[in-house]
S.K.: 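Please find one structure pasted underneath; my questions will follow.
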Amino acid sequence: MLLHVVNRSPATSRVYQQALAGMSPEDRLLLIEDGVQGALPQLVRYYAGLEGRLFALKEDLESRGLLGRCDASVQVVDVDGFVDLTEEAERTVSWY
Amino acid sequence: MLLHVVNRSPATSRVYQQALAGMSPEDRLLLIEDGVQGALPQLVRYYAGLEGRLFALKEDLESRGLLGRCDASVQVVDVDGFVDLTEEAERTVSWY
Amino acid sequence: MRYAILLMGAPYSDQASHSALRFARALVARGHRLEAVFFYHDGVYNAARLAAPPQDEPHLVDAWAALANEHRVALQVCIAAALRRGLLDEREAVRHGKDGVSVEAPFELTGLGQLVDIGTRCDRLVTFGP
Amino acid sequence: MRYAILLMGAPYSDQASHSALRFARALVARGHRLEAVFFYHDGVYNAARLAAPPQDEPHLVDAWAALANEHRVALQVCIAAALRRGLLDEREAVRHGKDGVSVEAPFELTGLGQLVDIGTRCDRLVTFGP
Amino acid sequence: MQEHHDDSDLLVILRHAPHGSSWLREGLDAALVAAAFGRRVSLLFMGEGVTALLRGQQLGPLGQKGTAATLEMLEMYDIETLLVEEQGLSRLGLSSDELMLEVECLSPSALARVLSGHRLVLTF
Amino acid sequence: MQEHHDDSDLLVILRHAPHGSSWLREGLDAALVAAAFGRRVSLLFMGEGVTALLRGQQLGPLGQKGTAATLEMLEMYDIETLLVEEQGLSRLGLSSDELMLEVECLSPSALARVLSGHRLVLTF
């Protein structure tokens, strides 16, 4: 199982497509930095099919005023949770 | 009349949408750098409606091996033509 | 016509610097007056005087300096963007207590007001982003 | 576990450096061993020793140095990427005939082989891009 | 609106989110300096830039300030024309009454008119 | 294909076009160094990266070399596994027989398998 990390918003970048293309059915996806915009209800549809495997970084949601706007299907983790995710995954692949 | 300049490919960036949103019906659009990929027949459809106002930079097409692959609807200009375009337009707006 | 260029891309990272130089040369060859190049955002890295690119690659810092000297083009580097990125001339090095200098003439550290000034004063401003 | 970080974003331009530092601190706080941070592409700008950010902004260069000293983290800067961007330590300054130094310890200029080495040797490699 | 877009104006286009990069802050700095120099400045928030106006923003990962405090000072600098790309908002599922400042929403056709109507346009 | 993707391998993902940025060259440099150090290296061209393989590339705007010459040396470095994202090609209207080197085209499902099958993945 791999952890994929995306730091760009699906509103302006197509990098999310590359991440999705590289994901196996058990892989996980973590949204960080501007990528946390993808956790908004209006944008989370780009990540359809990742239920239970889609995460967003709490601190980056918070600093942007987005924490309360996060879609319910997204699991919010803080930076310690980010470390957990990298421990649990065999490898981390970043898409930027 | 404004000249808009786009340097990113519509294959991976949505910046072309911002340029199109900012364009008046008489404005022109010049594709440079990685943006010249937008002159490929498969991608030029993103610029539908710009017939006669869509340009691509010759040198950037050439260095990428794309000169012969350019769609017929795109007017190819060299860097002197780029200067011409900036002379003829009241202002140049860059989208990157 | 009087032109100015705004450059916001780092050298050796994006094509922006190459595109800006090529455009600048075409401008002056056509008889236009290029008043200034303003370096902002990562464009300020174009002023790094210690740059040592491989012999078979264009030396962008030197190319800007040559353009400035041959055609009296002001090379204006945003001081706020430069300082935080480690680009200091002698005066700023003293002011910040640093024992080194990373920017030298013809590049000059200057305020953002210069950008507004050349943008208004010149007939054309062309931006090259990363 | 043994971790390594690959950082490719410029400081003060993208969040990458901030994210990498935050992640690095969380790692060591959890008892993991962070063996090295490798700086490549615009990440090499994190090693600019003359950086003078405003007082009310984090000083990223100093923050990396503090992390390195407190937790024995190697700060490895790709030498090829650094030289063309104007980042030289004393040895490279001499070798290239430059009268200035822009990189100092604990940052060390090194080859890309080190990236391959830490990538293979560590249990986890996490990349922060721009 | 016409009186805002005469020939002496500067339009600063802000297309980036806070914290993710320095673009937003550097664009705002240019706007503030221009205003301090007596130029009439309009801001246009496009694409991800609209998120700069969200309420409840906080410090960045290493404690850095972000841009919300700067936005609150715009009025002091007489920067009063705040334009927002309607489509940028709707793409993120946001509406203008959720924003921290009062703004004017621009339809796609109004957007192009605004660009044409300013003497100088800077894109960030 | 299985023999190429065992656990001792490095996968370098190249997602950028030549000339537009240094990403492609810096990614290739990493691949060449790894190969010189005796690692088995696979290259995966994704998205705009597929244009690195187009025939007829020339010097950049100021005479810089580009990356085509480096690609021609890959065989000397024993880098023989050249993978190309099928979708990346088709999005640009290109087909694999127009490329300067022989490559293996990957369907979306094969792509994910390749990522899982390498011990180390570097994205450029």
Side-chain angles (χ1 to χ4, degrees), chain B residues 5-17 19 29-48 54-74 76-86 92 94-96, chain F residues 13-28 44-72 84-101 103 105-106 108 111 123-124:
Chain B
V5 179
V6 167
N7 73 346
R8 304 224 174 149
S9 170
T12 47
S13 161
R14 294 194 204 265
V15 158
Y16 76 94
Q17 291 176 338
L29 181 64
L30 172 65
L31 308 175
I32 67 168
E33 301 177 0
D34 290 342
V36 298
Q37 280 179 33
L40 288 167
Q42 196 73 10
L43 296 179
V44 78
R45 61 191 162 87
Y46 290 112
Y47 299 114
L54 181 60
F55 301 82
L57 192 61
K58 182 167 178 267
E59 290 87 345
D60 286 344
L61 286 163
E62 253 175 352
S63 64
R64 288 161 176 78
L66 294 176
L67 190 54
R69 297 171 176 278
C70 207
D71 192 81
S73 68
V74 181
V76 176
V77 296
D78 62 11
V79 68
D80 288 323
F82 183 1
V83 175
D84 284 338
L85 289 171
T86 63
T92 301
S94 297
W95 306 90
Y96 50 88
Chain F
I13 305 182
L14 302 165
R15 304 175 300 148
H16 293 81
H19 294 299
S21 69
S22 63
W23 286 111
L24 178 60
R25 194 200 48 215
E26 290 177 315
L28 283 171
L44 167 58
F45 297 85
M46 270 186 92
E48 292 185 53
V50 304
T51 64
L53 292 160
L54 283 175
R55 294 203 188 98
Q57 294 175 53
Q58 295 175 33
L59 298 180
L62 304 180
Q64 69 272 43
K65 287 174 305 180
T67 44
T70 308
L71 287 172
E72 277 160 3
V84 170
E85 182 198 17
E86 208 172 72
Q87 233 185 334
L89 276 178
S90 63
R91 192 173 289 136
L92 298 175
L94 303 171
S95 78
S96 61
D97 52 5
E98 302 176 85
L99 305 180
M100 57 184 277
L101 296 172
V103 299
C105 280
L106 294 185
L111 198 69
T123 338
F124 287 95

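Side chains are part of it too, since the values below use all heavy atoms of this structure and drop only hydrogens, waters and symmetry mates. Just so we're on the same page: letters track the sequence lines, and every chain starts at 1.
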S.K.: Are there donor-acceptor pairs under 3.5 Å across chain B and chain F? List atom names and distances.
M.R.:
unit_1: B/T12; atom_1: OG1; unit_2: F/E48; atom_2: OE2; d: 2.3
unit_1: B/Q37; atom_1: NE2; unit_2: F/E48; atom_2: OE1; d: 3.0
unit_1: B/S63; atom_1: O; unit_2: F/H19; atom_2: NE2; d: 3.3
unit_1: B/S63; atom_1: O; unit_2: F/Q58; atom_2: N; d: 3.0
unit_1: B/R69; atom_1: NH1; unit_2: F/E98; atom_2: OE1; d: 2.7
unit_1: B/R69; atom_1: NH2; unit_2: F/E98; atom_2: OE1; d: 3.2

S.K.: On a heavy-atom basis, which atom in B/L40 and which in F/L92 lie closest, and how many Å separate them?
M.R.: CD1-O, 3.9 Å
S.K.: So what's closer than 4.5 Å to chain F heavy atoms on B/L66: side chain, backbone, both or neither?
M.R.: side chain
S.K.: Under 4.5 Å from any heavy atom of chain B, what part of F/L54 do you find: side chain, backbone, both or neither?
M.R.: side chain
